[in-house]
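On a predicted model such as this, the values are computed, not experimentally measured, just so you know. For the numbers below, each heavy atom of this structure counts, side chains included, while hydrogens, waters and symmetry mates do not.
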Amino acid sequence: MTMRITSVLTLITLFTTLSIANGFASRDTLELKSKQVYGKEAKVISYILDNNHYRKLRLNDSLSSAILDKYIKELDNNRSYFIASDLKDFEKFRFSIDDLTRNENVEPAYEIYRVFRKRYSERMDFVMNNLIHQEFDYSIDEYYETDRDKEAWATNIAELNDIWRKIIKNQSLGLKLTGKTQEEIEDVLKKRYQRFIKSVSQFTGEDVFGVYMNAITESYDPHTNYLSPKASALFTQSMSLSLEGIGAQLQTENDYTKIVRIMPGGPAEKSDLIHSNDLIIGVAQGLEGEMVDVIGWRIDEVVKLIKGPKGTTVRLSFLPSQTGVNGSSKEIKLVREKIKLEDQEAKRSTINYQSNGRNLKLGVINLPNFYMDFEEYQKGNVEYKSTTRDVKRLITELQAEGVDGIVMDLRNNGGGSLAEAIDLTGLFIKDGPVVQVRNSAGKVDVGYDDDNKVVYSGPLLVLTNRFSASASEIFAGAIQDYKRGVIVGESTFGKGTVQQVLPLKRFIVDTEEVGDLKLTFQKFYRVTGSSTQHKGVSPDIKLPSALGESQYGESANPSALPWDVIKPTPYKKVSNVGDSILSALSKSYLERSKFDTSLKQYVAETEELKKNLAQTKISLNETVRKHEMEQAERNKSANGKLDTKITSKEGVLVDELLKLNDEYLREGLLILADLVTRRIG
């Protein structure tokens, strides 16, 4: 199942299961048309992409073909509305979007959307008039495939009718298994689709243009986006970290809103009640508010319900990732709050462990992101908040406590300041290059650590997972290239590009407001010349993972910039961790995996989670479905162990390695202990 990362700002997969209201044709006539300014924006964007995007691609027939496919996918990503004859009609645009765009013509966006709207209206009429009140036979053995990317386009309306019969039957059965009566099921479904109708009735011509332009920009790479005036304001707000909510990054996947990443310091992270890959199916306000069903909702509408003023309560109904779409739902309550800088600061812990008769004290520094108070730095405040300054202080404190080794925990660290990644690396090496940055013109700049002081020279382990990205990959890659420490965990995300935001008003004079273009213009490379893009950083010792590299991360996107290599820059390896040491550590880990009960259980749980994440086919037979739910509950894996929780099973802080409830960290610490006892560093 390919994961499609969805952003509120880029309006990806807006239409998965929305519905069109009958009788707003007059509104459409007024709003769902192109404006002259959209053509101007399209022409300017095409010129900037041709001349300034890192990839140096021309908007040509080949890209035109990719853009058409992408736009169709954005409108109907689960192949539930268009029929094969519609796709045949759209072929006239296959190789002309490039020329039309340069000529300020964006009519394909609206012509294709009008067909989509017609099909959508037909589907919703069929659902409301034929399916909502139907009492289904749940004894029949049949299945619904939630990921219709695997399926062919329907050849006629009759095939679409059967697809939607299964969609509604699946939703009805899900509600029935929660204990709802037939009358209650009908009421929930009626309200669900009425909300869809209301939502889509507010869709404007600007929204159509935004989806279309992002089909163009994201054909160059997934991080090059068109931001409409409204989306640009939201982007600016999110960059200021002023949004209040639960602290979770969301995406749309098929009918569900999936949690991609739990943000450090937020209510979700602090509660430890909801985790990455959980599927949100309902949102309620306060302690007594009605639980609003959000299956099939557009992502921005779900976000609106979850966000809210600081101090208010939101309740979430969700399907845990451990049991997947076949499991039972859970409900939790969270108090919204603003994520503050201090909530995302680096933090330290010490863990005790006895190895081969030797008492070891191991230090852990958890780093949620690479932060820097740039405003205070610009003011000349020498005490400005920064990652490097904080980590340096924590290392000094750990050394004063006599730690034998240190883990830098970068799990779920999505990046941040490039300067901090360079400076942080400098705490562990004498001096030298840390990263190379190549621009679209081919010029390479090298980021150096020019401070010859080493703050910590002892045994070092860097813990990564699939959501360690950008600046995290620069740091981990440099530590690995210098042979300064051991990288343990999963391959990182693979985001090795840099973006800048260009206001289109610089290039367009018009009375209408215009948007912005977020453009990829640089790429990161390691000192070896190897890119961090696409492949990420491969760990020296790989821990069990439920996340496939081809499904999660940068490589999951077809338009991602490729991995490549440039000329290496001279650097001097520290050689704290040579090949013989890595070989010995790997051998020790593999041996432990044969007899360590906790590790063997963790491997089994990870495999179960992987299976649940890949499950897209759902039985529409009530007996089978009940059995699958019961089996899923029995096989429930401890997904919380993937998070950074230095706690016992009772939830209290611990300082003994064998009591950790974080198996991922436990394995990292055992490898560090092995490194220490081999007297490295």
*Contacts of type side chain to side chain donor-acceptor pair (under 3.5 Å), residue K379, not counting sequence neighbours*: E376
_Which residues share a salt bridge (Lys or Arg N to Asp or Glu O under 4.0 Å) with E397, sequence neighbours left out_ = R348, R393
*Derivation and outcome, side-chain hydrogen bond (donor to acceptor under 3.5 Å, both in side chains), residues T569 and Q436*: CA-CA 8 Å; T569 187; Q436 302 186 81; 4.8 Å; no
*If we ignore angles and hydrogens, is there a donor and acceptor under 3.5 Å between the side chains of N412 and N465?*
yes
_Pairs satisfying side chain to side chain donor-acceptor pair (under 3.5 Å), at least one member in residues 578-587, at least two apart_ = K483-D579
_Salt-bridge criterion met for K385 and D390 (N-O under 4.0 Å)_ = yes
*For N439, check side chain to side chain donor-acceptor pair (under 3.5 Å) against everything at least two apart and list the hits.*
none
*Write out all pairs satisfying salt bridge (charged side-chain N to carboxylate O under 4.0 Å, His left out) with one or both partners inside residues 416-435, taking only residues at least two apart or from two chains.*
none
*Output yes when D674 and R678 qualify as a salt bridge under the 4.0 Å nitrogen-oxygen rule, no when they do not.*
yes
*With sequence neighbours left out, write down each residue that passes salt bridge (Lys or Arg N to Asp or Glu O under 4.0 Å) with E667, or none if nothing qualifies.*
R592
_Contacts of E607 that satisfy side-chain contact (heavy atoms from CB on, under 4.5 Å) - sequence neighbours left out_ = K610
_With Y448 via ring pair (Phe, Tyr, Trp, His ring centres under 6.0 Å) - residues at least two apart_ = none
*Sorted by first residue and then second, give each salt bridge (charged side-chain N to carboxylate O under 4.0 Å, His left out) pair with at least one member in residues 451-480; sequence neighbours left out.*
none
*Where at least one partner belongs to residues 523-543, residue pairs that pass salt bridge (charged side-chain N to carboxylate O under 4.0 Å, His left out), sequence neighbours excluded*: D481-R526, K523-D564, K542-E549
*Among all residues two or more places apart in sequence or in another chain, which pass the side chain to side chain donor-acceptor pair (under 3.5 Å) test with S530?*
W563
*What residues, two or more places apart in sequence or in another chain, satisfy side chain to side chain donor-acceptor pair (under 3.5 Å) together with T520?*
D221, T224, Q499
